[in-house]
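All values below were derived from every heavy atom in this structure, side-chain atoms included, with hydrogens, water molecules and symmetry-related copies excluded. A, B, ... follow the sequence lines: proteins, then strands. Residue 1 opens every chain.
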Amino acid sequence: MAVVEYKVPQSVGEAVEMLTDKTARVLAGGTDLIIQLRAQNSDPVIAVDIKKIDSMMTATMDGNGLTLGPSMSCAELTAREDIKAEFPGLVEAAYLIGSTQVQGRCSVGGNLCNSSPAADTIPALSANAAQCVIQGPDGERTVAVEDFVTGVGTNCMATGELLTAIKIAIPAAGTADAYLRFIPRSEMDIAVAGAGVSVTLDADGKCTAARVSIGAVATTALLVTAAADALIGTSIDDAALQAAADAASEASKPISDRRGTAEFRRHVVGVLTRRAAKIAADRAKEK
Amino acid sequence: MIFSSELQEFTGEERTEVSATSYRVLIDVLVAKYSRLSFDQLTDLAVAIDGVIIVDPLLEPLSSDTEVHFLHFVAGG
Amino acid sequence: MAKIHVNTSVNGEPVEFLCEPHETLLDVLRNDLQLTGTKEGCASGDCGACSVTVNDRLVCSCLVLGAEAEGAEIGTIEGVSNKDQLHTIQQKFLEHAALQCGVCTPGLIVSTQALLKENPDPTEEEARYYLAGNLCRCTGYDKIIRAVMDAAETMRGAA
Amino acid sequence: MSEAREYKYIGQRSIRPDGFDKVTGRANYGADMTLPGMIWGKILRSPHAHAKIKNIDTSKAEALSGVLAVATYQDFPTADKKADLARNILADDKVLYHGHAILGIAATTSAIAERALDLVDIDYEVLKPVMDIRDAMAADAPLLHEDMITEGYAEAPTTASNVATRLEMKMGDVEAGFKEADVIVEGDYYTPTVHQGYIEPHACVVRYDEDGQSMIWCCTQGHFDVRGSTANILGMNLSKLKVIASEIGGGFGGKTTIYLEPVALVLSRKSGRPVKMVMDRDEVFKASGPGSATRNWVKIGAKNDGTITAMQAKLHYEAGAFKGSPMMMGCMTAFTPYAVENMYVEGFDVVVNKPKVAAYRAPGAPQAEYAAEMVVNEIAEKIGMDPIELRLKNAAKEGTQTIYGPKFKAVGLVECLEAAKNSPHYKAALKENQGRGLAAGFWFNIGGQSSVTLNMNPDGTGTIVEGSPDIGGSRASMQLMAAEEMQMPAENFRPIVADTEHVAFSAGTGGSRTTFATGMAVIEAAQDVIRQMKERAAAVWNVTAEQVDWADGVAINTAGEDRLTAAEICKGAERTGGQISGRGNINARGAGPSFAVHLCDVEVDRDTGKVDVIRYTAIQDAGKAIHPSYVEGQLQGGAVQGIGWALNEEYVYGDDGLLQNPGFLDYRVPLASDLPMIDSIVVEVPNAFHPFGVRGVGESGIIPPLAACAYAVSQAIDAPIRDLPCSPPSVLKVIQENS
């Protein structure tokens with residue numbers, strides 16, 4: 001591991017300053033970074049530990065919605081009943097990352113910035129139309145989560161930029177989300193496929209809005225409008241659920257690797273979409 | 001004396017009666033009887049004497065009605 | 001490459017050490033502080049053998065830099081028993097034969113302690129999921145789970 | 001004999017004597033040792049699956065500050081140079097698998113050693129890799145070893161191939177047997193490369209002194225074997241090399257061979273410093289010895305009444321890069337649970353560009369018996385017979401002729417099957433999408449050499465000095481057996497695993513031999529102590545030793561009222577001829593086979609192919625359970641390793657021959673959350689050749705789960721399973737193909 005320097009900024013400004021060095025990497029929970037750094041011994045890296053910056057480590061829920069410090073540990077996030085009540089699917093996605101031990105360190109922001117195609121929280125964030133607040137040397141900008149990740153392990157952030165907040169607006173009444181992933185075991189695996197769904201139901205149980213985002217079946221999470229359209233205007237009956245499932249399978253562009261074949265992923269992402277949409281709809285009815 | 005199907009390729013027969021008072025004598029007798037069998041080939045094998053598997057025998061006594069099988073050395077995990 | 005001076009607390013005792021920026025907390029514990037009860041099984045957070053607590057939060061010490069220990073409170077297997085008295089969890093692991101080779105045992109005991117602190121009355125399923133990150137290849141987990149459940153019951157009784 | 005005996009100590013669930021060190025973190029494993037002045041060694045490994053090494057340039061690495069030594073294959077003396085073991089430890093002119101070790105570098109820190117590895121320049125000529133048995137046996141297959149001629153044919157082939165050995169075993173006439181059959185079932189079965197998955201990576205700390213006297217501290221199942229192999233490769237005499245077995249963090253057969261030790265010693269000699277080497281987890285997966293992948297064909301014929309008339313198999317085992325798979329043991333075990341006259345088994349040992357396989361718990365047996373048990377279950381289904389009844393009708397028992405030679409003495413298969421039949425598990429109802437599988441398993445168990453010294457202390461307590469590394473609690477068993485034989489409390493005996501200088505040669509812990517063979521040596525040493533105690537008491541009382549009895553740890557003068565306790569005799573030993581120690585140096589024979597029968601219920605998600613084990617029962621004949629908890633632990637642990645093998649574990653290689661899942665993330669061993677409790681039923685049919693009736697129990701338990709799980713899946717989805725693992729993609733495919 002070629003970490004040659006360890007820095008602890010006390011403010012976002014200080015962090016951004018440190019991150020202008022091309023060899024600097026953000027160290028939050030380290031559950032991806034330390035593994036990646038261990039694989040290489042030669043290129044020097046400066047670890048910038050942003051966990052002393054309060055705003056990075058806290059979350060607020062108010063009338064405007066959720067403002068999530070990107071580096072707050074998933075263990076802390078999943079213990080927040082107020083967040084779980086509003087965004088159960090997102091909290092479930094955060095809970096699914098790694099073991100109890102990893103939960104103590106990993107974070108939604110880290111999951112996002114690592115930009116793995118299989119990241120659990122990205123489809124869940126995307127289903128909730130989350131916005132990413134990015135601070136750079138030249139100021140702040142906001143990017144929709146589906147525009148954040150640009151490819152396998154790559155994202156829109158430039159040298160010197162830091163993800164400072166993830167924001168989700170309080171959704172319309174009758175809205176609920178769900179996230180499901182498929183793994184071969186019961187725990188500890190990386191998603192073979194994942195599906196995040198948010199639906200809004202009116203008083204009659206009719207779906208008025210929906211977002212469906214699928215993971216691990218393309219280079220980035222995919223927002224599948226066709227799957228959402230299959231749900232909108234229906235009472236989310238079996239036919240609508242199957243249509244959404246088929247649309248998700250259709251939209252997927254999976255590969256075969258050690259975790260599953262392309263045809264398996266294509267099939268299972270449909271199954272997950274169907275099941276997640278059902279859960280989201282059931283939740284929305286109870287709201 | 002009963003030979004495995006493998007050893008039969010060298011002995012040409014499945015069983016034979018030999019007179020030997022110990023395992024060491026038995027080996028000498030067999031090597032003399034079957035020209036294609038070698039001392040090392042036999043002593044590399046384990047042996048079952050009346051059903052009891054023995055690894056690396058040498059002085060093991062044999063009696064007149066003893067049944068002897070050669071078998072592969074079994075290793076465990 | 002300058003070494004970093006770290007002030008921390010390990011099992012309630014103040015500890016100072018110097019570490020390289022690339023050293024993990026696991027490296028520091030094992031190689032610098034000679035606390036070899038914490039084991040390395042994978043160095044990727046997949047086996048739990050290196051489980052410790054940092055500020056009461058269960059983590060894999062292989063995924064924490066030594067430098068991050070500054071100002072923190074670290075808990076390791078060496079701090080579980082009370083002088084010559086085994087902790088109930090340790091005692092139950094012995095009584096239930098919940099270890100065979102024993103190399104996963106320190107991590108499992110530290111994790112079980114964290115579990116029972118968070119949830120003194122776990123269901124079997126909750127215990128199994130909480131401990132899913134602690135691999136044991138010898139026991140098939142049966143006796144481990146029995147020891148954990150028995151320890152939980154005993155500790156509730158004593159509380 | 002042993003059936004009637006009442007035991008006072010054995011059978012107790014005592015606290016293991018090494019347990020306190022293990023629950024407190026004090027126990028020292030392979031990587032836990034530090035020596036003054038110690039430096040760190042690292043191995044450079046092949047990035048290719050198959051390549052010629054044209055040139056190695058280490059000059060830049062050696063120039064790096066902190067680098068103190070480099071070791072290559074050229075540093076091994078000529079004595080045993082061409083041996084496969086040496087060429088596996090460090091490649092000669094060819095690398096034969098991804099991760100094959102090429103050289104070692106020692107430096108003052110592990111970080112410097114790792115950086116130095118990046119500075120070595122190697123010129124490779126990359127060759128096409130051979131990754132599967134079918135490819136390896138193809139006529140135009142690239143050859144791993146240009147000079148390898150198949151052994152085992154009466155007429156040796158004239159051309160080289162990747163088939164190292166062909167073996168044939170037969171009894172009776174299978175063709176005639178198949179003619180008698182009403183039903184014949186055959187099938188091809190595949191099992192993947194799997195790893196033992198011990199949690200502790202291989203590690204050693206070594207020191208080579210100026211006079212050549214050397215020390216190795218390492219985690220191993222057999223430190224005498226480490227001594228022998230290392231000394232052989234380095235041309236050392238055994239008295240020059242002391243090996244200390246650390247506590248061992250799992251082995252399952254994988255720590256019966258060596259990888260690091262000779263390299264570390266060369267680095268220590270060259271640097272003049274103690275050297276520590278610890279494998280990373282990815283090195284363990286890439287380059288230690290996994291279990292063979294196999295392709296096995298099985299054909300079985302039976303009459304409608306359930307009588308099996310013929311059993312035939314053709315078995316192909318991957319050996320990895322060097323010959324020597326456990327194919328032969330597959331041939332010997334495949335059909336051995338059955339008393340059938342007509343059997344024919346043909347086996348092939350095939351080299352491929354994967355790491356050289358090592359022993360893995362009942363090596364060779366799970367793969368062959370998987371195929372056989374799947375077909376037996378299918379026969380039962382075809383003729384409409386309960387699978388337990390079918391097995392009972394054909395079960396091997398006392399007097400059954402085995403394919404490998406001897407006839408069985410008393411064995412416990414029938415008792416295990418009866419226990420399965422009577423278990424609540426077998427009677428429980430199943431729900432939709434659930435299925436039940438049952439399978440039997442046979443393993444020989446082995447005996448061999450064990451040496452024990454029982455040193456009595458002046459207070460009458462004793463130290464049991466043994467040479468068998470304790471991998472699963474065997475010290476507790478030794479303690480109980482000494483207590484039983486001496487009729488003294490278990491806590492009076494302290495068992496220790498001594499190094500190669502403090503106890504005579506003992507074979508390694510493997511083959512389920514330790515409680516059986518080393519236990520027998522403990523008993524013999526205890527008997528030796530009792531004999532001496534009686535002699536000392538007789539001398540004190542001025543009677544003959546024959547007039548002295550031994551009961552409850554007390555010598556009794558049968559000719560009078562005199563009593564002397566062990567403590568009194570030991571306290572006075574200085575006046576009666578010096579201290580007392582007993583010796584048991586044996587070559588144990590008569591290891592009793594252990595049969596197992598497992599029941600598995602699964603539930604399958606038909607939409608995803610995901611399999612959950614929802615209920616499991618492991619039944620096994622232990623002969624006599626010395627420490628019941630650790631016997632149950634062996635049954636449960638074996639069952640869960642087998643479940644992993646059946647459901648999710650496999651090496652995944654790319655077309656380039658590179659291993660894609662060298663870590664616990666994607667090599668998916670079972671987790672606590674994957675499993676139910678594993679019910680265990682210990683059957684006791686005593687082994688007549690052990691004083692307490694012990695049979696080894698360590699290995700048989702990994703055999704039945706493969707077929708028990710896979711057959712349960714096939715029942716749940718109503719479609720045949722042939723290939724392992726039953727991972728979701730593969731199960732979903734079978735579901736889709738059959739719906």
Response to the item:
Scanning both residues in full, the closest heavy-atom pair of S99(A) with G45(C) reads OG-O, 4.4 Å

Worksheet item: Around Q36(A), counting heavy atoms of other residues, nucleotides and ligands shown, do more than 12 lie under 6.0 Å from its CD?
Response: yes

Fill in: Residues, nucleotides or ligands: over 12 heavy atoms within 6.0 Å of E125(C) CD
no

Item to complete: Output the distance between atom CG (L115(C)) and atom OG1 (T100(A)), rounded to the nearest 0.5 Å.
Response: 8.0 Å

Worksheet item: Is the count of non-hydrogen atoms from other residues, nucleotides or ligands lying under 6.0 Å from E17(A) atom CD greater than 12?
Response: no

Fill in: Proximal component of S111(C), with respect to chain A [non-hydrogen, under 4.5 Å]
side chain

Worksheet item: chain C: which of R185(A), Q103(A), R38(A) shares the most heavy-atom pairs with it under 4.5 Å?
Response: R38(A)

Worksheet item: Where on L65(C) is there a heavy atom nearer than 4.5 Å to chain A: the side chain, the backbone, both, or neither?
Response: both

Worksheet, complete the sentence: Closest heavy-atom pair, V4(A) versus P21(C), reported as atoms and distance to 0.1 Å, is O-CG, 3.4 Å

Discussion item. For N7(C), is the CG atom crowded, meaning more than 12 foreign heavy atoms sit under 6.0 Å from it?
Written reply: yes

Discussion item. Rounded at 0.5 Å granularity, tell me how far CG in L63(C) sits from CD1 in I35(A).
Written reply: 5.0 Å

Worksheet item: When only pairs under 4.5 Å are counted, which of C62(C), A43(C), C60(C), S44(C) shares the most heavy-atom pairs with chain A?
Response: A43(C)

Discussion item. Can you give me the closest heavy-atom contact between A67(C) and Y6(A), atom names plus distance?
Written reply: CB-CD2, 3.3 Å

Item to complete: Using the side-chain contact (heavy atoms from CB on, under 4.5 Å) rule, pick out the option among R105(A), E76(A), Q101(A) that qualifies with R57(C).
Response: E76(A)

Worksheet item: Tell me, side chain or backbone of V64(C) under 4.5 Å from chain A's heavy atoms, or both, or neither?
Response: both

Discussion item. Between E68(C) and K51(A), does the salt bridge (charged side-chain N to carboxylate O under 4.0 Å, His left out) criterion hold? Intermediate values first, please.
Written reply: CA-CA 9 Å; E68(C) 292 183 75; K51(A) 293 192 292 297; 2.6 Å; yes

Worksheet entry | Selection from C50(C), A132(C), G48(C) maximising heavy-atom pairs under 4.5 Å formed with chain A | A132(C)

Item to complete: Taking atom CD of E126(C) as the centre, report whether more than 12 heavy atoms of other residues, nucleotides or ligands fall under 6.0 Å from it.
Response: yes

Worksheet item: Of the backbone (N, CA, C, O) and the side chain (C-beta and beyond), which part of L27(A) lies under 4.5 Å from a heavy atom of chain C, both, or neither?
Response: side chain

